[in-house]
Amino acid sequence: MEEEGEPVENITDIEQFHQESPSENGVMLVVNHSNIQPPFSVVLATLLYCAEFVCAAVLCNMYHKSDDDTWMGLTITFMLVPAVLTQLALTFIHRDLGRDRPLVLLLHLLLLGPLIRCFEALVVYFKAGKEEEPYVTISRKIKLKKDQGTPMEWEIGHSERKLATHRNAFKRTAVIQAFLGSTPQLTLQLYATIQEKYLLPIRMTLMIICLISVTYGALVCSVLAINIRYDDYKVRLRPAAYLCMILWRVLEIATRVTSLVLFSTALTYWVIPVGLGNLLFFFLLPWVEFWVRRASLPDNVEKNFSKLGTTVVLSLVTFLYACINIFCWSAVQLDLGHRDLIEKKQRWGRLAAYYGGRFLENGALITLWYFHKLDFYEYVCAPLLVAQLLICYSLAVLFMLLFYQFCHPCRSLFRHNVHDCLACVCCCICCRRGGGREGQGQPNSYSTTATMVLVPLEPPELQPPDLTSQLVERETAIIEDIMEAA
């Protein structure tokens, strides 16, 4: 049977376990082909792509009429580059180059690939369920409910498989569009607004669309990180989790972009080394770790690729990873030697180091802007603006902590949570203030205490008495008494 596009993640062929029955292995089999979720993510990504492209084109026309060649050239660049990369990504994921689909390839050349892909996904969705179709694969997951895992199996039909391929493709193109197009576009238009000292309605519309696109791309990164890290579990996010993530990402991205733009208006040429330094650091970090581990390049990126082609693809992935981390936390760590290219272990130390360093960098940028600001900001309360930006970034970190503490779908699997880390910090501060005198009577370390809190200790198993040995000993004593009496 020929597979279409990228294989659906975490789906195993039925032949691998068709001999196992639910009664033997305790796995609950779910068969429900009619309950197919609508492709909302595909439609949303397509709408954001079209809206941003159209608004950017209209704004370029206005720049052309007003002879603003610099703004027009940069706007066209940040409009076309992500659009071309989106077409290449969709073509690569669906493997259309080896097929006879001239109309689809023509639409991709016209930068209309997302439209035809969205149309195909909607056609598959509305046709699903009208005819009974056999399942082609089975997905085995563990469903978490009230901190208890239940192994379950889902039969995956042709329609579900095609929709899953479309969703996976549009998730990746949404990230490309967000951080290679929307983020630099948002930064450029905000900088142009401050420099020209007036706000165009179409420019304001484009900035709002870009902010929505970047926020959606950051949400996709977070959800993809959870799905990859906990690929054995059926992950479902609640509305409260989405609300926390949206507030976290909006505040983080808006504060970061505003800090960079304000700094660039005061020290225009110094923003270039700041941006390049961030880009080079996050671009070289995965390669340095790859070299330290002495790992080898993965062979499953694409079976037809040579080592040079694999290196080029990994370089592009690393570049996208660096662009994401310039503006917000990517939620994943690259492992270029792993088959999935993603490190599944959650590194809380790196998360804390990123947000601590980013808070200090934003504070430094805003402070430098405060001392070198232009006369344009005379009617702006600069100290209040600085305080607002720092408070907004602190709120972003707060919503992130709330998400990991209360709203993460797999928080019951954490060995340590946010509350334990804060308790550890408080204990360390108290021990340092007390000179360590009270700590001598506490033999348990933090890790042991946290493990005792999170993982309850089971009572020791009571061993039944050995009756056979007791009877043998009694018979031996009786025989010895009889022998002595004789």
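With contacts defined as side-chain heavy-atom distances shorter than 4.5 Å, the pair L48/I212 qualifies. The shortest side-chain heavy-atom distance between F406 and L401 does not fall under the 4.5 Å cut-off. In this structure, the side chains of M204 and I208 come closer than 4.5 Å at one or more pairs of heavy atoms. F53 is listed as a side-chain neighbour of L80, based on a closest heavy-atom distance under 4.5 Å. Side-chain contact check for Q37 versus L163: every heavy-atom pair is 4.5 Å or farther apart. Y321 has its side chain out of reach of F283: every pair of non-hydrogen atoms, C-beta onward, lies at least 4.5 Å apart. Side chains of L112 and L115 form a contact here, defined as non-hydrogen atoms less than 4.5 Å apart. Here the side chains of R172 and V220 are not in contact, with every heavy-atom distance at 4.5 Å or above.
Between the CG atom of L122 and the OG1 atom of T46 there is a distance of 8.0 Å, given to the nearest 0.5 Å. Considering CG of L398 and CG of L247, their distance stands at 10.0 Å, rounded to 0.5 Å. For the atom pair OG1 (T258) and CD1 (I366), the distance works out to 8.5 Å, reported to the nearest 0.5 Å. Atom SG of C60 is separated from atom CG of L74 by 9.5 Å, given to the nearest 0.5 angstrom. Put simply, CG on L85 and CD1 on I176 are 6.5 Å apart, with the number rounded to the nearest 0.5 Å. Within the model, atoms OH of Y393 and OG1 of T255 stand 8.0 Å from one another, a figure rounded to the nearest 0.5 Å.
Although no hydrogens or angles enter the test, the distance criterion places a donor-acceptor pair under 3.5 Å between the side chain of Q87 and the main chain of G113. Checked by atom type and distance alone, the side chain of S213 never pairs as donor or acceptor with a backbone atom of I209 at under 3.5 Å.
Aromatic ring orientation, F403 versus W248: tilted (interplanar angle from 30° to 60°). Between W348 and Y404, the ring-plane angle classifies as perpendicular under the 30° and 60° cut-offs.
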**OP:** Under the side chain to side chain contact (heavy atoms under 4.5 Å, CB included) rule, what do L285 and R350 come out as? Steps first, then yes or no, please.
**Re:** CA-CA 12 Å; L285 181 61; R350 179 169 290 187; 4.2 Å; yes
**OP:** Under the side chain to side chain contact (heavy atoms under 4.5 Å, CB included) rule, what do F179 and V175 come out as? Steps first, then yes or no, please.
**Re:** CA-CA 6 Å; F179 293 100; V175 175; 4.1 Å; yes
**OP:** In sequence, state the C-alpha distance, the side-chain angles, and the governing distance for I228 and V332, and then conclude on side chain to side chain contact (heavy atoms under 4.5 Å, CB included).
**Re:** CA-CA 9 Å; I228 293 174; V332 296; 5.6 Å; no
**OP:** Would you check, one step at a time, whether the test side chain to side chain contact (heavy atoms under 4.5 Å, CB included) holds for N227 with V223?
**Re:** CA-CA 6 Å; N227 288 330; V223 176; 3.5 Å; yes
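Between I253 and C328, the closest heavy-atom pair is CG1-CB, 4.0 Å. Counting all heavy atoms, side chain and backbone alike, C221 lies closest to A331 at O-CB, 4.1 Å. Between R167 and S41, the shortest heavy-atom distance links the atoms CG-OG, 3.9 Å. Across S159 and V124, no two heavy atoms sit closer than the pair O-CG1, 3.7 Å. Considering every non-hydrogen atom in both Y49 and L111, the closest pair reads OH-O, 2.8 Å. The two atoms that bring V42 and C118 nearest to each other are CG1-CA, 3.9 Å, heavy atoms only.
For the residue pair Q185 and E52, no side-chain donor N or O sits within less than 3.5 Å of a side-chain acceptor on the partner. Side-chain N/O atoms of Q189 and W71 include no donor and acceptor closer than 3.5 Å. Donor-acceptor pairing under 3.5 Å is lacking for the side chains of R203 and Y198. One side chain, N278 or R358, offers a donor N or O that lies under 3.5 Å from an acceptor on the other.
Counted within 6.0 Å of CE on M62, heavy atoms from surrounding residues, nucleotides or ligands total 12 or fewer; the atom is thus considered open. Annotation: W270, atom CH2; neighbour count of heavy atoms from other residues, nucleotides and ligands within 6.0 Å does not exceed 12. Summarising the local packing, OH of Y370 is surrounded by 12 or fewer heavy atoms from other residues, nucleotides or ligands at distances under 6.0 Å.
Between R256 and E361 there is a salt bridge, since a side-chain N of the basic residue sits under 4.0 Å from a carboxylate O of the acidic one. At a threshold of 4.0 Å, the pair E120-R101 counts as salt-bridged, since one of the basic side-chain nitrogens sits closer than that to a carboxylate oxygen.
Taking the centre of each ring, Y354 and W329 come in below the 6.0 Å mark. Centroid-to-centroid, the aromatic rings of Y125 and H166 stay 6.0 Å apart or farther.
Only one option out of L188, V257, L186 pairs with M207 in a side-chain contact (heavy atoms from CB on, under 4.5 Å); it is L186.
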